[in-house]
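In this text the structure is predicted, and so the values were computed from the model without any measurement. Letters go in sequence order (proteins before strands), and every chain restarts at 1.
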Number of protein chains: 2
Amino acid sequence: MTELKLDRVTLYEFHAQFCKTLADANRLLIIAELVSGEKSVSDLANSLGLHQSNVSKHLALMRERGLVDTRRDGASIYYSLSDPRIFKAIELLIQVQSDQVARRHKLAQKIR
Amino acid sequence: MTELKLDRVTLYEFHAQFCKTLADANRLLIIAELVSGEKSVSDLANSLGLHQSNVSKHLALMRERGLVDTRRDGASIYYSLSDPRIFKAIELLIQVQSDQVARRHKLAQKIR
DNA sequence: TGGTTATATGAGTATATGGCAATATAATCA
DNA sequence: TGATTATATTGCCATATACTCATATAACCA
């Protein structure tokens with residue numbers, strides 16, 4: 001009983017970690033950039049206006065957690081989404097969020 | 001140009017906040033409990049073995065961000081999912097995550 | 001080999017987050 | 001009204017996170 005509960009918590013911690021990986025605006029921006037194809041660290045740093053070390057750290061985290069793959073070409077390292085459904089999943093979340101915002105807006109109008 | 005970029009960042013911060021709301025094991029557990037119908041704070045605290053104040057805080061956060069609705073009945077307050085697709089979205093994320101883990105496992109086997 | 005470019009990593013700092021304990025607010029009931 | 005139950009809120013602490021700067025590692029080229 002307790003054993004089963006612990007397992008369930010562990011499982012949910014695992015899923016929560018995945019959500020945490022998506023729970024950063026810069027990482028979402030990076031993922032969005034990668035939808036159109038692989039990009040190097042400096043590509044991303046330039047297009048997003050972020051520090052190279054910052055981007056590198058975000059990519060390292062996403063790599064650790066299996067969201068992106070890497071390919072070295074000379075001195076550059078190219079990052080790509082390991083699964084295009086990552087972006088689909090994010091889009092669905094965004095859709096739900098947008099609908100909620102719309103619903104709350106309507107509700108606020110009714111009250112007013 | 002800069003204006004547009006700022007807007008994009010702001011938008012992604014908004015989406016990141018939504019992901020953050022899901023990025024906690026106990027909140028995911030609460031959401032999973034609510035799939036089967038509305039529950040009071042103490043219901044949730046008991047079934048998950050969490051402190052009442054802890055559950056209350058998590059629910060307040062989820063309510064602020066529109067994930068749950070509330071209904072008062074006497075002294076109790078019942079929480080419910082504001083949109084069942086929240087759980088669907090989480091399930092999709094979990095699916096992607098599971099596939100990634102499976103793929104990495106296969107890869108590890110090949111290397112070994 | 002030395003210089004340059006690309007990426008990764010470590011140190012330090014500021015902020016955010018989750019948890020617990022204690023207290024406050026609110027509703028019920030005797 | 002006073003006691004009880006249910007929920008919310010506040011203060012505090014420990015930990016985690018993101019960021020910047022500086023430095024290390026790695027590949028390339030003259």
Side-chain angles (χ1 to χ4, degrees), chain A residues 5-6 9-10 12-34 38-80, chain B residues 5-6 9-10 12-34 38-80:
Chain A
K5 197 157 139 195
L6 278 176
V9 169
T10 304
Y12 274 76
E13 246 148 40
F14 185 62
H15 297 322
Q17 194 197 45
F18 191 74
C19 293
K20 243 173 227 165
T21 313
L22 302 177
D24 180 272
N26 288 335
R27 284 197 290 272
L28 289 182
L29 284 162
I30 289 171
I31 291 171
E33 290 288 309
L34 294 180
E38 61 173 20
K39 303 271 185 302
S40 72
V41 179
S42 46
D43 284 345
L44 293 165
N46 288 331
S47 61
L48 297 175
L50 300 173
H51 282 223
Q52 173 268 325
S53 64
N54 190 2
V55 172
S56 179
K57 268 188 194 168
H58 282 307
L59 288 168
L61 186 76
M62 290 194 275
R63 183 185 179 177
E64 255 176 43
R65 299 186 181 173
L67 275 77
V68 296
D69 293 326
T70 58
R71 177 180 73 82
R72 178 180 275 280
D73 179 13
S76 297
I77 297 183
Y78 290 89
Y79 284 79
S80 56
Chain B
K5 197 157 138 196
L6 278 174
V9 169
T10 304
Y12 274 75
E13 245 149 39
F14 185 62
H15 296 322
Q17 194 197 46
F18 190 74
C19 293
K20 243 173 228 164
T21 313
L22 302 176
D24 180 271
N26 287 334
R27 284 196 291 272
L28 289 181
L29 283 162
I30 288 171
I31 291 172
E33 290 288 309
L34 294 180
E38 61 173 19
K39 303 272 185 304
S40 72
V41 179
S42 47
D43 284 344
L44 292 166
N46 287 332
S47 61
L48 298 175
L50 300 173
H51 282 224
Q52 175 268 326
S53 66
N54 189 1
V55 172
S56 179
K57 255 191 199 172
H58 283 308
L59 288 168
L61 186 77
M62 291 195 275
R63 184 185 177 176
E64 255 176 42
R65 300 188 181 171
L67 275 77
V68 295
D69 293 326
T70 59
R71 177 180 73 83
R72 177 179 277 281
D73 180 14
S76 296
I77 297 183
Y78 290 89
Y79 285 79
S80 57

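Comparing D:dT20, D:dC19, D:dA26 against the side chain of A:H51 picks out D:dT20 as the nearest. In this structure, the nucleotide among D:dT7, C:dG19, D:dT17 sitting nearest to the side chain of B:S42 is D:dT7.
Distance CG (B:N46) to C1' (D:dT5): 13 Å, rounded to an integer number of Å. Distance, A:K20 NZ to C:dG18 P: 7 Å, rounded to whole Å. Distance, B:Y78 OH to C:dA27 P: 15 Å, rounded to whole Å. What separates CZ of A:R71 from P of C:dA6 is a distance of 16 Å, to the nearest Å. A straight line from CG of A:L59 to P of D:dA18 spans 13 Å, rounded to a whole angstrom. In this structure, the CZ atom of A:R27 is 9 Å from the C1' atom of D:dA18, given to the nearest Å. Atom CG of B:D24 and atom C1' of C:dG19 are 10 Å apart (whole Å). Here C:dG18 presents its C1' atom at 13 Å from CE of B:M62, a figure rounded to the nearest Å.
Among the heavy atoms of the strands, none lies under 4.0 Å from A:R63. Residue contacts shown for A:Y79 are limited to sugar-phosphate atoms, with no base heavy atom under 4.0 Å away. Residue A:S56 is classed as a base contact, given a heavy-atom separation below 4.0 Å to a base.
Applying the 3.5 Å distance criterion, the base of D:dC21 shares a donor-acceptor pair with the side chain of A:S53. Between the base of D:dG11 and the side chain of B:K57 there is a donor-acceptor pair shorter than 3.5 Å. Side-chain to base pairing of A:Q52 with C:dA6: no donor and acceptor N or O lie closer than 3.5 Å to each other.
Between A:L29 and A:L48, the shortest heavy-atom contact is CB-CD2, 4.0 Å. In terms of heavy-atom proximity, B:R27 sits nearest to B:M62 at CD-CG, 3.8 Å.
The distance from the CD atom of B:E38 to the CD1 atom of B:I77 is 12.0 Å, given to the nearest 0.5 Å.
Both A:N54 and B:G74 lie close to DNA chain C; mapped to their nearest nucleotides by heavy-atom distance, the more 5′-ward contact belongs to A:N54.
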Inset, instruction - For the pair B:T70 and B:L59, evaluate side chain to side chain contact (heavy atoms under 4.5 Å, CB included) and give the outcome as yes or no after the intermediate values. - result: CA-CA 10 Å; B:T70 59; B:L59 288 168; over 6 Å; no
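Counted within 6.0 Å of CZ on B:R71, heavy atoms from surrounding residues, nucleotides or ligands total more than 12; the atom is thus considered enclosed.
A sub-4.0 Å separation between OP1 or OP2 of C:dT17 and a side-chain N or O of B:H58 is absent.
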